[in-house]
Number of protein chains: 2
Amino acid sequence: MPEYADDELAAHLRAAIMRLRRRLVQETDSELSIPAMTVLGLLHRRGEQTVGQLAAAERVQPPSMTRTVTCLERDGLVARRQGESDRRQVVVSITEDGRTRLAADRDRRTEWLARRLADLTPDERAVLDEAAPILEGLATA
Amino acid sequence: MPEYADDELAAHLRAAIMRLRRRLVQETDSELSIPAMTVLGLLHRRGEQTVGQLAAAERVQPPSMTRTVTCLERDGLVARRQGESDRRQVVVSITEDGRTRLAADRDRRTEWLARRLADLTPDERAVLDEAAPILEGLATA
DNA sequence: AGGAATACTTAGCTGAAGTAATGACTTAGG
DNA sequence: CCTAAGTCATTACTTCAGCTAAGTATTCCT
């Protein structure tokens, strides 16, 4: 039994995403900006990446990624070095400090959402569990 | 069969929301800003509201809502008038032009998402159909 | 070798949120 | 009843996170 008529799902989903995103930003209390945190996570999962790869992964223009990386480098959480095969590239890697900070922040950062999720029924959580990769796919497609 | 360990769902859901939101913003081609459109929708559904009510509904600080309303008023899509019982309040109502614009824009605005949704399998759409109100609830809780 | 293409950076803009302070009005206490 | 405190909206300014345009360094192609 669908909650929404077919042509209304998009509108409702959109509104929900927008509101929830703002809420997530509001409820987050962390020293790291959201893009910074995301990049740190990427480097943790994928290992070192060029600025271009990071920009593509986050679907952001290169200058935006440069700024984020500059910020992270200033705080000593990532290291920049010139690419070996192609010296135009800049390879970014996470530092030990970066990993420490990531671990510390990841918990705090998702804490609010995790608490909210804990309040849901198992069924509801199961729905979101299935929905997460689909949403991810929509963003990436 | 959960895709994610319990304590990872929050992190993944968060990332998915952030990316999808950015994508929605990018792919949207409309004359109305996102907050403006949302407010117009609220006024359409709920009838006239004070600036404070609108701000609370969107979980935005009053100044942000003032700005959005100012913009909408400039375009003749909403009307401001002084509150009758409490003259500090400002009551905002949607105009006929506003309704027209809302109808025209709603389609265009959700078009990209609607197309993406159409590419999903029926099962995936069903999941999102159930997920939408849950996400909405998380944002509002 | 020289010109086109690529990878990142720099500089500056915009949109959409926020806080702090102000003005107008209302409510409550003495 | 009148003053003090509180509330609603606004104004002014800041911050954040994206963008484009233009510049620099390097590589690729003929």
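For the numbers below, each heavy atom of this structure counts, side chains included, while hydrogens, waters and symmetry mates do not. Predicted model only: the values in this text are computed from it and were never measured. By convention in this document, chain letters (A, B, ...) are assigned in the order of the sequence lines, proteins followed by strands, and residues within each chain are numbered from 1.
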From the set [options], return the single nucleotide nearest to any side-chain atom of [X].
X       : options                : result
A:Arg80 : C:dC25, C:dT9, D:dT11  : C:dT9
B:Arg67 : C:dA17, C:dC8, D:dC19  : C:dA17
B:Val60 : D:dG18, C:dA17, C:dA20 : C:dA17
B:Gln89 : D:dC8, D:dC19, C:dT9   : D:dC8
B:Val51 : D:dG18, D:dT26, D:dT10 : D:dT10

What is the separation between atom [atom1] on [X] and atom [atom2] on [N], rounded to the nearest whole Å?
X       : N      : atom1 : atom2 : value
B:Met18 : D:dG18 : CE    : C1'   : 14 Å
B:Glu73 : D:dA9  : CD    : P     : 14 Å
B:Ile34 : D:dG18 : CD1   : P     : 14 Å
B:Arg21 : D:dC16 : CZ    : P     : 15 Å
B:Leu72 : C:dA16 : CG    : P     : 11 Å

Q. Got a salt bridge between B:Glu58 and A:Arg19, using NZ or NE/NH1/NH2 to carboxylate O under 4.0 Å?
A.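 Answer for the salt bridge query: yes.
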
Q) Hey, is B:Glu84 close enough to B:Arg81 for a salt bridge, meaning N to O under 4.0 Å? A)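 Yes, charged N to carboxylate O under 4.0 Å.
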
If you look at every heavy atom in [X] and [Y], which pair is closest and at what distance?
X        : Y        : result
B:Ala132 : A:Leu9   : CB-CD1, 4.2 Å
A:Trp112 : B:Leu138 : CH2-O, 3.6 Å
B:Leu117 : B:Arg125 : O-NH1, 3.0 Å
B:Glu48  : B:Leu43  : CA-CD2, 4.4 Å
B:Leu42  : B:Ala57  : CD1-CB, 3.8 Å

What N/O pairs connect the protein and nucleotides 27-29 of chain D at under 3.5 Å? Give each pair on its own line.
residue : atom : partner : partner atom : Å
D:dT27  : OP1  : A:Arg87 : N            : 3.0

Heavy atoms only, 4.0 Å cut-off, all strands: where does [X] land among base, sugar-phosphate and nothing?
X       : result
A:Pro35 : sugar-phosphate
A:Thr70 : nothing
A:Ser33 : sugar-phosphate
B:Gln53 : nothing

Q) Between A:Pro62 and A:Gln26, who's closer to the 5' end of DNA chain C by nearest nucleotide? A)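 Counting from the 5' end, the first nearest nucleotide belongs to A:Pro62.
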
[N] phosphate, OP1 or OP2: any side-chain N/O from [X] under 4.0 angstrom?
X       : N      : value
B:Thr66 : D:dT10 : yes
A:Thr50 : C:dC8  : yes
A:Ser64 : D:dA17 : no

Q) Does one side chain, of A:Arg80 or A:Thr70, offer a donor that lies under 3.5 Å from an acceptor on the other? A)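 Indeed, the side chains of A:Arg80 and A:Thr70 share at least one donor-acceptor pair under 3.5 Å.
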
